[in-house]
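Heavy atoms only: backbone and side chains are in, while hydrogens, waters and symmetry mates are out. Keep in mind that what you see is a predicted model, and the values were worked out from it rather than measured. Counting starts at 1 for both ligands and their atoms, in listed order.
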Amino acid sequence: MANESVIGVTDPETKSEVKSEVSSEVKSEVSPQASNDVYEPIHSKSPVFYDLYERKAELQHQTHYCPGCGHGVAHKLIAEALQELGLQDKTIFVSPVGCSVFAYYYFDVGNVQVAHGRAPASATAIKRSCPGRIVISYQGDGDLAAIGTAEIVHAANRGEKITVFFVNNAIYGMTGGQMAPTTMVGQKSTTSPWGRRPSNEGFPLHMAELLATLEAPAYIERVALSDNKNIMKARRAIRKALEIQRDGAGFSFVEILSPCPTIWGKDPVEARRWVLDKMIPTFPLNVFRDRRPEIPAGNEPPQRPVADVLGITPKAEARDVSKPKHAHHFKDVKIKIAGFGGQGVLLLGQLLIEMGMREGLEVSWLPSYGPEMRSGSAHCHVCLSKERIGSPLISHPDVLVAMNEYSLRKFAHEVASGGVILYNGASLPADFSAPDVQVVSIPASEIADKLGSTRATNIVMMGALLEETECLAPGTALSVLEDKVKKLNLLEIDRKALTAGRLFIDEQAHIGAVSQPDGFA
Ligand SMILES: Cc1ncc(C[n+]2csc(CCOP(=O)(O)OP(=O)(O)O)c2C)c(N)n1
Ligand code: SF4
């Protein structure tokens with residue numbers, strides 16, 4: 001729990017308990033089908049976090065917050081409430097970007113750290129997938145009332161059953177004192193050096209009042225960390241907000257007026273007094289909402305895997321990855337597919353990752369395309385890996401599938417040494433050269449035309465890719481095509497296109513025109 005003298009994190013034993021408990025709950029909350037899913041939900045601390053957040057010896061007795069900062073007090077009040085209510089093991093804490101970005105080092109609960117302003121959106125997703133958990137979104141005023149205005153308004157308006165603690169210190173602390181939406185009239189900041197003027201910067205936003213205009217929220221209160229009496233009131237409000245969530249009553253929100261001595265240029269005592277004298281008159285303390293919202297019962301979303309709901313679940317045998325159908329002779333393969341919109345560039349990538357999933361590989365697909373639907377340039381990155389994929393972005397592909405000359409010229413230099421370029425063309429452009437890589441020209445468009453549809457060009461290239469690299473099994477390709485292509489005449493053409501692409505490479509190899517590049521079978 002929050003501890004201002006020792007900054008520790010979950011001990012490994014407790015962590016594993018939480019892990020197994022959460023996993024089993026997720027399974028039971030989703031559906032019996034989910035337990036048959038290919039992937040087990042994993043809830044554990046990311047390896048990028050320190051096991052122990054160790055500070056220099058002389059700093060061990062304090063938090064990373066400045067002396068007198070309200071965040072430390074808010075943390076303590078929240079941690080105490082969680083402990084007193086017995087909610088520690090059920091809680092998932094969503095940390096923001098701001099001075100409290102490291103909140104996950106202070107709370108021995110489930111932790112997620114999210115992008116600036118997005119905490120209520122992430123908290124929504126977490127709460128909806130784990131309705132039995134206590135989900136807390138903790139945010140500063142820059143995070144919640146500037147970049148994240150839309151997220152908080154809509155989460156509140158939907159009546160998400162989460163708790164939001166909004167730490168309002170009237171300034172951007174972490175980035176050095178820029179004006180926040182809550183900066184008060186006349187208050188100086190680095191971006192309002194003459195003091196906030198309504199004529200130029202508008203008026204401060206009153207978030208508690210604003211959210212109280214909505215129908216859905218169950219509880220909204222503003223409190224202040226100005227003096228002991230108000231801190232005790234803050235303590236009660238924090239506790240109540242958590243109780244409301246525990247009881248499933250709806251959205252709860254506590255705005256906490258909080259000192260930021262460093263940016264305000266005051267000592268800790270002066271800063272507290274400033275909250276009392278200056279902030280409270282601008283942001284009056286009040287309970288703005290305390291009731292159970294009357295939200296008509298509707299059709300609850302089905303707690304089933306999205307693929308099942310959309311009716312796109314692959315056949316049972318296709319999902320069975322217990323026995324790999326294909327020997328993968330690689331650790332990972334990075335493929336870039338590039339061409340014009342309309343050439344099936346993105347679809348080819350999607351088919352490959354679907355195949356990879358069915359063969360038990362980790363996969364990723366990252367598309368990139370312009371605003372034009374047809375004829376604009378498009379490309380996608382596909383990773384097939386035996387290990388978890390760090391980034392879906394590929395700088396140096398092992399394989400480039402260039403669907404046109406423009407893509408060949410544009411991306412050939414990126415291909416890793418020993419890699420392969422598969423080019424859709426009867427022959428390479430005369431002045432083209434790519435040392436250190438294997439380049440194969442495949443007249444895929446002509447082949448597809450002869451089979452009855454230019455649209456099958458990408459499938460000819462897929463056949464060539466499978467034959468050339470042996471990264472995935474042709475049988476898997478067929479089963480994916482059978483699931484995805486609904487029109488029988490097109491499916492027939494695609495089957496032939498796949499075979500034709502493979503045969504083309506096979507024949508080239510027999511006449512010695514194609515050699516196996518490094519790294520592939
Ligand atoms: C997308 C994005 N935009 C801007 C930033 C820079 N940034 C980091 S924290 C912050 C504001 C922090 O202020 P606040 O939310 O009030 O929290 P405090 O530091 O005062 O606790 C900003 C603008 C960022 N990290 N990410
Ligand atoms: S800059 Fe302000 S908000 Fe940030 S840690 Fe220091 S006192 Fe706290």
Side-chain angles (χ1 to χ4, degrees), residues 2 4 7 53 55 59 61-78 93-107 112-123 136-153 155 164-184 187-192 196 201 204-208 210 222-226 231 234 253-276 278-279 282-283:
E4 295 189 351
I7 301 170
Y53 179 41
R55 310 203 68 208
L59 297 177
H61 64 292
Q62 63 188 50
T63 67
H64 82 283
Y65 295 114
C66 310
C69 174
H71 280 301
V73 180
H75 283 19
K76 187 163 188 284
L77 297 179
I78 295 167
F93 197 98
V94 185
S95 322
V97 174
C99 284
S100 49
V101 67
F102 290 143
Y104 46 79
Y105 285 125
Y106 296 86
F107 290 89
V112 179
Q113 197 281 318
V114 298
H116 202 23
R118 309 294 176 252
S122 303
I136 295 174
S137 171
Y138 183 101
Q139 302 176 259
D141 41 24
D143 191 89
L144 181 139
I147 194 168
T149 330
E151 280 77 2
I152 188 62
V153 169
V164 179
F165 294 121
F166 169 42
V167 178
N168 176 3
N169 55 19
I171 204 84
Y172 287 9
M174 182 196 196
T175 42
Q178 295 85 351
M179 193 188 84
T182 49
T183 297
M184 295 177 293
Q187 185 184 339
K188 289 185 179 165
S189 72
T190 57
T191 48
S192 58
R196 182 176 194 154
E201 288 90 27
L205 274 182
H206 291 72
M207 290 309 295
L210 195 149
R222 182 183 289 121
V223 296
L225 305 178
S226 53
I231 290 174
F253 180 91
V254 181
E255 176 170 341
I256 305 169
L257 304 183
S258 175
C260 172
T262 303
I263 303 290
W264 295 351
K266 301 186 187 306
D267 70 32
V269 177
E270 286 167 356
R272 278 190 173 201
R273 162 104 0 233
W274 204 72
V275 175
L276 194 65
K278 301 285 184 209
M279 286 190 81
T282 303
F283 299 105

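Sorted by chain and number, the protein atoms of type N, O or S within less than 2.8 Å of atom 8 (Fe) of ligand 2 are Cys69 SG.
Side-chain contact check for Met207 versus Phe283: every heavy-atom pair is 4.5 Å or farther apart. Proximity of Thr175 to Gln178: side-chain heavy atoms (C-beta onward) are separated by under 4.5 Å at one or more points. At a threshold of 4.5 Å between non-hydrogen side-chain atoms, the residues Val254 and Val164 do not count as touching. Val167 places a side-chain heavy atom less than 4.5 Å from the side chain of His71.
In terms of protein heavy-atom proximity, atom 15 (O) of ligand 1 is nearest to Asp143 N, 2.8 Å. Among all protein heavy atoms, the one lying closest to atom 20 (O) of ligand 1 is Gly173 N, 2.8 Å. What sits closest to atom 14 (P) of ligand 1 on the protein, heavy atoms only, is Gly142 N, 3.4 Å. At the top of the distance list for atom 16 (O) of ligand 1, counting protein heavy atoms only, stands Asp141 OD1, 2.3 Å. The shortest contact between atom 9 (S) of ligand 1 and any protein heavy atom is with Met174 SD, 3.4 Å. Distance from atom 25 (N) of ligand 1 to its nearest protein heavy atom, with residue and atom name: Val97 CG1, 3.4 Å. Ranking protein heavy atoms by distance to atom 21 (O) of ligand 1, first place goes to His71 NE2, 2.7 Å. At the shortest separation from atom 6 (C) of ligand 1 among protein heavy atoms lies Thr175 CG2, 3.8 Å.
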Checklist entry - Do Thr191 and Glu201 pass the side chain to side chain contact (heavy atoms under 4.5 Å, CB included) test, and can you show the C-alpha distance, the side-chain angles, and the key distance before you say yes or no? => result CA-CA 10 Å; Thr191 48; Glu201 288 90 27; over 6 Å; no

Checklist entry - After noting the C-alpha distance and the side-chain angles of Thr182 and Asn168, does the key distance pass the side chain to side chain donor-acceptor pair (under 3.5 Å) rule? => result CA-CA 7 Å; Thr182 49; Asn168 176 3; 3.1 Å; yes

Checklist entry - Yes or no on side chain to side chain contact (heavy atoms under 4.5 Å, CB included) for Ile256 and Leu225, after CA distance, side-chain angles and deciding distance? => result CA-CA 7 Å; Ile256 305 169; Leu225 305 178; 3.5 Å; yes

Item to check | Pair Ile78-Ile136, side chain to side chain contact (heavy atoms under 4.5 Å, CB included): steps then yes or no | outcome: CA-CA 10 Å; Ile78 295 167; Ile136 295 174; 4.2 Å; yes

Checklist entry - Hey, mind stepping through Val101 and Gln113 against side chain to side chain contact (heavy atoms under 4.5 Å, CB included) and telling me if it holds? => result CA-CA 7 Å; Val101 67; Gln113 197 281 318; 3.5 Å; yes

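Not a single N or O atom of Gly98, backbone or side chain, sits closer than 3.5 Å to an N or O atom of ligand 1. For ligand 1, none of its N or O atoms has an N or O atom of Tyr172 under 3.5 Å away.
Listed by number with element, the atoms of ligand 1 under 4.0 Å from a non-hydrogen atom of Ile171 are 16 (O), 20 (O). Counting atoms of ligand 1 from 1 in the listed order, those under 4.0 Å from a heavy atom of Cys99 are 18 (P), 19 (O), 21 (O).
Proximity of Ile147 to ligand 1, defined as any heavy-atom pair under 4.0 Å, is confined to the side chain (atoms from C-beta onward).
Scanning His116, Gln139, Gln178 for the heavy atom closest to atom 4 (C) of ligand 1 points to His116.
Each of Phe102, Phe93, Phe165, Tyr138 was evaluated against Phe107; a single residue qualifies, Phe93, per the ring pair (Phe, Tyr, Trp, His ring centres under 6.0 Å) test.
Asn169 counts as a contact of ligand 1, since one of its heavy atoms falls under 4.0 Å from the ligand.
Taking the six-membered ring where tryptophan is involved, the planes of His75 and Tyr106 are perpendicular, since the angle between them exceeds 60° and thus also 30°.
Between the side chain of Ser189 and the main chain of Ser192, a donor-acceptor pair closer than 3.5 Å is present.
Residue-environment remark: NZ (Lys188) stays at or below the threshold of 12 foreign heavy atoms within 6.0 Å.
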